Amino acid sequence: MDRLRAFEVFTTVVSRGGFAKAAEALDTSPANVTRYVAELETHLGARLLNRTSRRLSLTEAGEALYERARAILDEIAEAEAAASANVAEPRGRLRINAPLSFGVRHLAGLWPQFMARHPKVELEISLSDRVVDLVEEGYDLAIRISRGGSQAHVARKLATSRNIVCASPDYLKAHGTPTTPDELATHRCLAYSYTAMAEDWRLTHQDGREASVRMRPVMYSNNGDTARAAALAGQGVIWQPTFLIGEDLREGRLVRLLPEWSLPDIDVLAVYPSRRHLSAKVRLMVDFLAEAFKGTPPWDR
């Protein structure tokens, strides 16, 4: 059995979601695909896939093999690219995770530009506000919005975003405009659940004074756009980063509250597991993103 070919067939079945689609992608027959997977299972003495008439799922052994086999195939692609005199740029899959709202608003337009420059690199983009485990889940790179950076991985700062407390004009007309942190605590709050400050808002005055405000959320959401939509509809007060609400503030759809008080800024980071053996495609992407976000970020212009 050609194990590398079997790995390629197996990972393609998983990524494409079926034997027929894998056969099409690999330009072979479904029977050949089935044979390779069966031989691989026999060789390993373990079932890799659960098959039903409607769906395909990985077994525990299949999940473990999939991540490692894919990494092996990507490393081989990198080695071939480095050894080939007529290949000028990297190739292979580049798996990236990014927050949902930031990814849609500020990254979606950049991927085609990168693809046009580096057509041999295959992008796999996953958008989620959950903090993924880069190593365990097999990501090459993650874009994270963070105040504390990353102690477990290497992080390169791409940009900064301010956090702003705000509400819609309709909400303020109906409920009044708070002028102190204590007054803010009496208002309806729309909370972002993926933060330690969902209920306890810690503000700093421009003269250095600090205030901790205990809010009473009427809604929790793990996505900033959901909280933003509720705020635009006049349902409460939010704090959100300017990469999400910058245009709303400029257009007057949201109004900044307590402008002499501020929340800590947050950084947009490119995070990857290690500087050692950093692949060329990861380095290219990090440099590309750093160039795209240099200077004043688009949400604060």
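Remember, predicted model here, so these are calculated numbers, not experimental data.
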Quiz item: Is the shortest heavy-atom distance from the side chain of I72 to the side chain of L4 under 4.5 Å?
Solution: yes
Quiz item: Stepwise, does the side chain to side chain contact (heavy atoms under 4.5 Å, CB included) test hold for V271 with L141?
Solution: CA-CA 6 Å; V271 179; L141 176 69; 5.8 Å; no
Practice problem: Begin from the C-alpha positions of D248 and R256 and carry the test salt bridge (charged side-chain N to carboxylate O under 4.0 Å, His left out) through to its verdict. | Solution: CA-CA 10 Å; D248 296 320; R256 182 175 183 178; over 6 Å; no
Exercise. Could you grab the distance from atom CD1 of I164 to atom CG of L254, nearest 0.5 Å is fine?
Key: 11.0 Å
Quiz item: Are side-chain N/O atoms of S101 and N223 paired as donor and acceptor at under 3.5 Å?
Solution: yes
Quiz item: Do H187 and Y171 make the cut of ring centroids closer than 6.0 angstrom?
Solution: yes
Quiz item: So, W299 versus F102, ring centres under 6.0 angstrom or not?
Solution: yes
Exercise. Output all residues satisfying side-chain hydrogen bond (donor to acceptor under 3.5 Å, both in side chains) with Y194, sequence neighbours left out; order by chain, then residue number.
Key: none
Practice problem: Would you please say whether a donor-acceptor pair under 3.5 Å links the side chains of T242 and S161? | Solution: yes
Quiz item: Would you say the side chains of Y139 and S126 form a donor-acceptor pair under 3.5 Å?
Solution: yes
Practice problem: Taking the side chain as every heavy atom from C-beta outward, state whether M285 and V121 have any pair of such atoms under 4.5 Å apart. | Solution: no
Exercise. Would you mind reporting whether R202 and V213 have side-chain heavy atoms less than 4.5 Å apart?
Key: no
Quiz item: Taking a hydrophobic cluster as the set of Ile, Leu, Val, Met, Phe, Trp and Tyr residues connected by side-chain heavy atoms closer than 4.5 Å, whether directly or through intermediates, do F293 and L244 fall within one such cluster?
Solution: yes
Quiz item: What do you reckon, is CZ of R216 surrounded by more than 12 foreign heavy atoms closer than 6.0 Å?
Solution: no
Quiz item: Step by step, would you call Y192 with I238 a side chain to side chain contact (heavy atoms under 4.5 Å, CB included)?
Solution: CA-CA 8 Å; Y192 179 61; I238 59 170; over 6 Å; no
Quiz prompt | Contacts of type side chain to side chain contact (heavy atoms under 4.5 Å, CB included), residue E122, not counting sequence neighbours | solution = R93
Quiz item: Any sub-3.5 Å donor-acceptor pair from H118's side-chain atoms to K120's backbone N or O?
Solution: no
Quiz item: Can you tell me how far CD of E260 sits from CG of L258, rounded to the nearest 0.5 angstrom?
Solution: 5.5 Å
Quiz item: Backbone N or O of T179 within a donor-acceptor pair of the E183 side chain at under 3.5 Å?
Solution: yes
Quiz prompt | Pairwise side-chain contact, Y66 with T11, heavy-atom cut-off 4.5 Å (strictly under) | solution = yes
Exercise. Can you measure from OG (S168) to CZ (R228) and round to the nearest 0.5 angstrom?
Key: 12.0 Å
Exercise. Run the numbers on N222 and S193 for side chain to side chain contact (heavy atoms under 4.5 Å, CB included), then give the verdict.
Key: CA-CA 5 Å; N222 64 358; S193 53; 3.5 Å; yes
Quiz prompt | Criterion salt bridge (charged side-chain N to carboxylate O under 4.0 Å, His left out) against R162, the qualifying member of D300, D267, D265 | solution = D300
Quiz item: What pairs meet the salt bridge (charged side-chain N to carboxylate O under 4.0 Å, His left out) rule with one or both residues in residues 12-38, with sequence neighbours excluded?
Solution: R35-E39
Quiz item: Is it true that L44 and L58 fall in one hydrophobic cluster, defined by side-chain heavy atoms closer than 4.5 Å?
Solution: yes
Practice problem: State plainly whether one hydrophobic cluster holds both L257 and M219, where clusters connect Ile, Leu, Val, Met, Phe, Trp and Tyr through side-chain heavy atoms under 4.5 angstrom apart. | Solution: no
Quiz item: Knowing that exactly one of V13, N32, T12 qualifies, which makes a side-chain contact (heavy atoms from CB on, under 4.5 Å) with L26?
Solution: T12
Quiz item: Does any N or O in the side chain of D129 come within less than 3.5 Å of the main-chain N or O of L100, such that one atom is a donor and the other an acceptor?
Solution: yes
Quiz item: Just wondering, do D200 and M197 contact through their side chains at under 4.5 Å, heavy atoms?
Solution: no
Practice problem: Determine, step by step, whether E63 and L48 satisfy the side chain to side chain contact (heavy atoms under 4.5 Å, CB included) criterion, reporting the C-alpha distance in whole Å, the side-chain angles of both residues, the deciding distance to 0.1 Å, and the verdict. | Solution: CA-CA 8 Å; E63 289 181 356; L48 302 174; over 6 Å; no
Self-check item: Side-chain ion pair, D170 and K173, N-O less than 4.0 Å
Solution: no
Self-check item: Shortest non-hydrogen contact between L134 and A142, atoms and distance
Solution: CD2-CB, 3.5 Å
Self-check item: Salt-bridge contact E291-K294 (side-chain N to carboxylate O under 4.0 Å)
Solution: yes
Quiz item: Under 3.5 Å, is there a donor-acceptor pair linking the side chains of N50 and T59?
Solution: no
Quiz item: Hey, are R130 and E137 close enough for a salt bridge, meaning a charged N less than 4.0 Å from a carboxylate O?
Solution: yes
Quiz item: Do you reckon I245 sits in the same ILVMFWY cluster as F243, going by side-chain contacts under 4.5 Å, direct or chained?
Solution: yes
Exercise. With rounding to the nearest 0.5 Å, note down the distance linking CZ in R283 to OH in Y272.
Key: 8.5 Å
Quiz item: Are any of the side-chain heavy atoms of E210 and L203 separated by less than 4.5 Å?
Solution: no
Quiz prompt | ILVMFWY cluster, V218 and L172 together (side-chain gap under 4.5 Å) | solution = no
Practice problem: Rounded to the nearest 0.5 Å, what's the gap from CG on L107 to CD1 on I96? Could you check? | Solution: 8.5 Å
Quiz prompt | Minimum side-chain heavy-atom gap W201-L184 below 4.5 Å | solution = yes
Practice problem: To the nearest 0.5 angstrom, please state how far the NZ atom of K281 sits from the CZ atom of F114. | Solution: 9.5 Å
Quiz prompt | R5, CZ: over 12 other non-hydrogen atoms inside 6.0 angstrom | solution = yes
Practice problem: Kindly indicate whether the side chain of Y220, heavy atoms from C-beta on, has any atom under 4.5 Å from the side chain of E199. | Solution: yes
